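Everything below concerns the one structure shown next.
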Amino acid sequence: MGNTIKVAIDGPSGAGKSTIAKAASAALGFVYVDTGALYRTVALNAIRKGADTKNAQQVIATLEGLEVNLGFEDGAQHVYLNGEDVSDKIRTPEISMGASAASAIPEVRKFLFNLQREIADSNNCIMDGRDIGTVVLPDAKVKIFLTAAPEIRAERRYKELLEKGTETTFEEVLADVKQRDYNDSHREIAPLKATEESIIVDTSDLDLEQSIEAIITAIKENIA
Ligand code: DC
């Protein structure tokens, strides 16, 4: 317990955290843990049960009997809602917004806390999220805060959604990005923020390869 190497990567949505953390984990032989998927799964479950994700009481009621688990197959993370693999179903704009709302509820954060700790205590891992360096893994060996300008993040997300055939406009995506930034960094509990020891990496002017390289270098230098 606790002897594993823990790397925390926090940052706003669309900074490229998951793609970059995934590639860096593969290069370093670490398990990659995307904690946003956990909040998304809680939101999916709440929405399926007819709860309004902004209504704390309604969301809390849906936690009763809920089981969220992570599995790793060929290095890829899968997330399970009561045994059902929902890894793809949680990637919609509706669930993004729902997860942002549900993640502001303290009971939801508490519900997911132990699962995140247990995974990090049993595997060398790179864990990405919003409060990993501040709350979940304050003992992380390396803390990275990965960010990029909102317009750049919206552009990247817009392209992803278009590729998936989701109908949307750039303006809509940008408004979503800004709204989620605001929600995530202004909530009372575990707001998105860098720690004093965080290494800040801004990917606005970096391409994917350069971003991955920057992260791998930062991790290697700090776990040496
Ligand atoms: O990283 P993501 O877009 O998949 O995250 C979905 C939402 O979950 C995001 O709006 C903020 C929330 N979240 C959080 O509050 N804490 C985390 N560790 C990860 C995600």
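All of these numbers come straight from a predicted model, not from anything done at the bench.
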For [X] against [Y], the heavy-atom pair lying closest together:
X	Y	result
Ala101	Lys54	CB-CG, 4.1 Å
Ser204	Ile152	O-CD1, 3.6 Å
Ala8	Ile132	CB-CG2, 3.5 Å

Using modelled atom types and a 3.5 Å cut-off, is there a donor and acceptor pairing between side-chain atoms of [X] and backbone atoms of [Y]?
X	Y	answer
Glu107	Ile60	no
Thr195	Ser198	yes
Gln210	Asp207	yes
Arg117	Val136	yes
Arg153	Ala148	yes
Ser122	Glu118	yes
Thr35	Asp128	yes

For the [atom1] atom of [X] and the [atom2] atom of [Y], what is their distance to the nearest 0.5 Å?
X	Y	atom1	atom2	result
Asp10	Ile144	CG	CD1	10.0 Å
Arg91	Leu44	CZ	CG	11.5 Å
Thr147	Ile200	OG1	CD1	8.5 Å
Phe145	Asp202	CZ	CG	10.5 Å

N-O pairing of [X] and [Y] below 4.0 Å:
X	Y	value
Arg109	Asp131	yes
Asp184	Arg130	yes
Glu84	Arg48	yes
Asp121	Lys6	yes
Asp34	Lys17	no

Item to complete: Sequence neighbours left out, what passes side-chain hydrogen bond (donor to acceptor under 3.5 Å, both in side chains) with Ser18? Give chain and number order.
Response: none

Item to complete: Would you sort out whether Ile199 and Val201 count as a side chain to side chain contact (heavy atoms under 4.5 Å, CB included), showing the intermediate values?
Response: CA-CA 6 Å; Ile199 303 161; Val201 179; 4.3 Å; yes

Worksheet item: Does atom CD of Glu73 have more than 12 heavy-atom neighbours from other groups under 6.0 Å away?
Response: yes

Item to complete: For Glu160 and Tyr158, run side chain to side chain contact (heavy atoms under 4.5 Å, CB included): C-alpha distance rounded to whole Å, both residues' side-chain angles, the deciding distance at 0.1 Å, then the answer.
Response: CA-CA 5 Å; Glu160 269 172 28; Tyr158 176 58; over 6 Å; no

Worksheet item: With side chains defined as the heavy atoms from C-beta onward, is the minimum distance between Tyr32 and Val7 less than 4.5 Å?
Response: no

Worksheet item: Given Arg40, which of Ser96, Ser87, Ser103 fulfils the side chain to side chain donor-acceptor pair (under 3.5 Å) condition?
Response: Ser96

